[in-house]
There are 2 protein chains.
Amino acid sequence: MRKARRSGRVTLAEVAREADVSAITVSRALRDPEQVSQATMERIEAAVRKLGYVPDMAARALASRHTNVIGVLIPSVTNNVFSDVLRGIYDALDGTRYHLQLGNTRYSVLEEENLLRIFLSQRPAGLIVSGTDQSPATRAMLENADCPVVQIMEIGPDPVDMMVGFSHREGAKAAVTHLADAGYRRIAFLGARMDPRTQRRLQGYEDALRGHGLADPDLVVTTPRASSITLGGWLLGELLAKRPDVDAVFCNNDDIALGVLFEAQRRKIDVPGKLGICGFNDLEMMASACPSLTSLRTHRETMGREGIHMLIRSIEGDRPDERVVDLGFELMARESSAGPG
Amino acid sequence: MRKARRSGRVTLAEVAREADVSAITVSRALRDPEQVSQATMERIEAAVRKLGYVPDMAARALASRHTNVIGVLIPSVTNNVFSDVLRGIYDALDGTRYHLQLGNTRYSVLEEENLLRIFLSQRPAGLIVSGTDQSPATRAMLENADCPVVQIMEIGPDPVDMMVGFSHREGAKAAVTHLADAGYRRIAFLGARMDPRTQRRLQGYEDALRGHGLADPDLVVTTPRASSITLGGWLLGELLAKRPDVDAVFCNNDDIALGVLFEAQRRKIDVPGKLGICGFNDLEMMASACPSLTSLRTHRETMGREGIHMLIRSIEGDRPDERVVDLGFELMARESSAGPG
DNA sequence: TTGTAAGCGTTATCAT
DNA sequence: ATGATAACGCTTACAA
């Protein structure tokens, strides 16, 4: 009595029998039609269609010891910032033979570690991770991964392999310098979540204020809670309670900036006359708001796209010379920071 | 001469040798520690750690003919609506043994078909697809898939397997009825993208206006372009050029509604006195806006969470009795639709 | 509780 | 251009 445990799915062997060739010929025909004669190809195509053959990725991965899966680990799928990065990633993947495997770490280094372990067990062709603040274990796994790795969102001194991003600290410094140059003197920092990138933005804010002799720890209001528009309004309330004399706010991100604008409108505080506002990222809504909102534009789609490009070049043996790419940022000065008065 | 083509990775056999047991015992120990004696378990754990063993998912999938992968196909990763659904999905998956494989169809039935083909080649444990408007080929593949399938976002008469969503037509009808009840008489429809769900919302709008004797085809302004806040402002401009006497707008989604609000502020049109506004979905920003914006709340996270719950129950042989779950909607009446005058 | 043997569906290797 | 064969790393079926 045989131990049959077939799955019921059509296999290569069955297609081969139908087309009257060997299994390996079908395998080759499917992966690289060039290698097979015209006539054989046609018989195989007919057989595939007739039987409704679908290749089994697991068997393929096992036999070839590689996949076309690119693993991407990002801290959030709901945050607009990462949706834009994802759009760039999908764009760059389009038309290539690679598939995306997306992992949502929810801003937790532990979840990142677990997800990476799962990803590695699938033998990815390449990996993209966010930021530079991995746990030691994650770092070690990345360094030992037998595939290229790109860190996106940030640049730093010690890449695992490749990097594409920008300096959040320099970005924040530029934004706050803009507010100071516009004439604001009591410039606050409003921050939520306080993940590593937010921390670095806070440092940039402090750098700028120190440079202008305007530093004042009272003007920093933060919360570990996840950022939202509503939270922006709440943070402004907290700030005004502490420092009613504040004349500008640098917001850790655009959601908070928009929340601040709404709350200012509700309290009839003139923007930009009594309160200057500057956001971070320059999401699409910033230009549309009334008054339009100043923000520091970051190149999120490009980060995703460029990350994938670097990864694929690397996978295909054409390793980029530049291992660390700084995409920079651009200050979009608008009505909300036109100056006090 | 043997044909060795080992990958260099640590295998189950090596762990077994190290722990001085057979491979199958290691396999069992890893999948279900209960089946193995305490002492053996400890030796195996030590060996795994010592050698840094990582299971090979491909081999596992091939041998067992199933995976713990749940495939999810959604039309957009950047749209807030789907990010909320995704959050629900991730929540529900948390702590289970299932992984997510996410596919972005970009609102294209063709991409959906291709992605589904790829997904099926990985033998998913279950599938989630968005909406009810699949291509015939997609529909056929779903019906023949040897795993449970949940359609989310919408409900309809002919489920592939299970469904969780709500009626977009009824939702739109309720929203427009609210505007009419508030006293608005020339209620416009502003729509972007015009995917199937948007089309059904337009029908609901028409249902409501017909019921109130207020129908007027001139008041419908749509575009196939992807929706955005900026586009909301542009649509209001188009509408006002055609019908300056419009007194309310029902927006196909919240981005458009917010864009309309900003544009109205820019043109100094009083909201809600001269222009009532109602959105669709009730994203977080609607309650924060100034004036706060009326919207039809949809249960997006719940759709994702419930979809996964139904799927997992089904995978595990505990098929829900209710195959079609209507989550309904809730009208959130706010300042922006307080009535004309 | 543990082990043996066979098989999952594909591709690498070598041969013709 | 095509084929025979073994191998990929794991799990199922059956046995002890």
Side-chain angles (χ1 to χ4, degrees), chain A residues 1-44 47-48 51-68 97 120-123 146, chain B residues 1-44 47-48 51-68 97 120-123 146:
Chain A
M1 174 123 173
R2 291 209 124 340
K3 300 186 196 175
R5 41 177 165 118
R6 311 209 49 266
S7 63
R9 277 169 64 140
V10 178
T11 69
L12 257 191
E14 298 175 64
V15 175
R17 205 173 309 128
E18 176 75 28
D20 201 36
V21 291
S22 71
I24 188 66
T25 303
V26 178
S27 170
R28 280 197 279 251
L30 263 33
R31 281 174 299 150
D32 184 7
E34 308 285 290
Q35 285 188 63
V36 164
S37 77
Q38 185 68 35
T40 311
M41 193 64 212
E42 275 162 20
R43 289 211 314 285
I44 290 175
V48 165
L51 301 178
Y53 170 72
V54 177
D56 184 318
M57 295 309 281
R60 178 173 286 182
L62 179 57
S64 68
R65 278 144 309 145
H66 70 255
T67 64
N68 292 331
R97 62 202 179 87
L120 286 174
S121 76
Q122 331 222 17
R123 300 176 177 283
D146 55 354
Chain B
M1 175 127 166
R2 290 217 126 332
K3 299 187 199 176
R5 43 177 162 119
R6 311 208 50 266
S7 63
R9 276 169 66 141
V10 177
T11 68
L12 206 52
E14 298 175 64
V15 175
R17 206 172 308 130
E18 177 75 26
D20 201 35
V21 290
S22 70
I24 187 64
T25 302
V26 179
S27 169
R28 282 197 277 250
L30 264 32
R31 281 173 300 148
D32 184 7
E34 308 286 288
Q35 286 187 63
V36 164
S37 77
Q38 186 66 36
T40 311
M41 193 63 213
E42 275 161 21
R43 290 212 312 286
I44 290 175
V48 165
L51 301 178
Y53 170 71
V54 178
D56 184 319
M57 295 308 281
R60 178 174 287 181
L62 180 58
S64 68
R65 276 143 310 143
H66 71 255
T67 64
N68 292 331
R97 61 202 180 88
L120 286 175
S121 77
Q122 331 222 17
R123 302 176 174 282
D146 55 355

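Computed over heavy atoms, backbone and side chain alike; hydrogens, waters and symmetry mates excluded. Per chain, numbering begins at 1; letters A, B, ... match sequence-line order. Predicted, not measured: the structure shown is a model, and the values here were computed from it.
Checking dG9(C), dC10(D), dA12(C) against the side-chain heavy atoms of A63(A) singles out dG9(C) as nearest.
Qualifying side-chain contact (heavy atoms from CB on, under 4.5 Å) partners for Q35(B), counting only residues two or more places apart in sequence or in other chains: R28(B), D32(B). Evaluation of the side-chain hydrogen bond (donor to acceptor under 3.5 Å, both in side chains) rule for S27(B) yields R31(B) as partners, not counting sequence neighbours. D20(A) meets the side-chain hydrogen bond (donor to acceptor under 3.5 Å, both in side chains) test with no other residue; sequence neighbours excluded. T40(B) is linked by a side-chain contact (heavy atoms from CB on, under 4.5 Å) to V21(B), T25(B), V36(B), S37(B), I44(B), counting only residues two or more places apart in sequence or in another chain. Not counting sequence neighbours, the partners of E18(B) by the side-chain hydrogen bond (donor to acceptor under 3.5 Å, both in side chains) test are K50(B). For R9(B), the salt bridge (Lys or Arg N to Asp or Glu O under 4.0 Å) criterion is met by no residue, not counting sequence neighbours. Checked against side-chain hydrogen bond (donor to acceptor under 3.5 Å, both in side chains), R60(A) has no partners two or more places apart in sequence or in another chain. Every residue was checked against the salt bridge (Lys or Arg N to Asp or Glu O under 4.0 Å) condition with E42(A), not counting sequence neighbours, and none meets it.
Computed from C1' positions of five pairs at each end, the angle between the two local axes of the helix from dT1(C)-dA16(D) to dT16(C)-dA1(D) equals 20°, rounded to 10 degrees.
Residues from residues 31-42 of chain A lying near DNA chain C, meaning a heavy-atom separation below 4.0 Å, are R31(A) in numerical order. Of the residues in residues 22-30 of chain A, those with a non-hydrogen atom less than 4.0 angstrom from any atom of DNA chain C are I24(A), S27(A).
At whole-Å resolution of the value, CG in L62(A) and P in dG7(C) are 17 Å apart. One interatomic measurement links the two molecules: CG of N68(A) to P of dT10(C), which rounds to 15 Å at whole-angstrom precision. Separating the CG atom of L12(A) from the P atom of dC8(C) is a distance of 13 Å, rounded to the nearest angstrom.
Side-chain nitrogen and oxygen atoms of R60(A) include at least one within less than 4.0 Å of the OP1 or OP2 phosphate oxygen of dT11(C).
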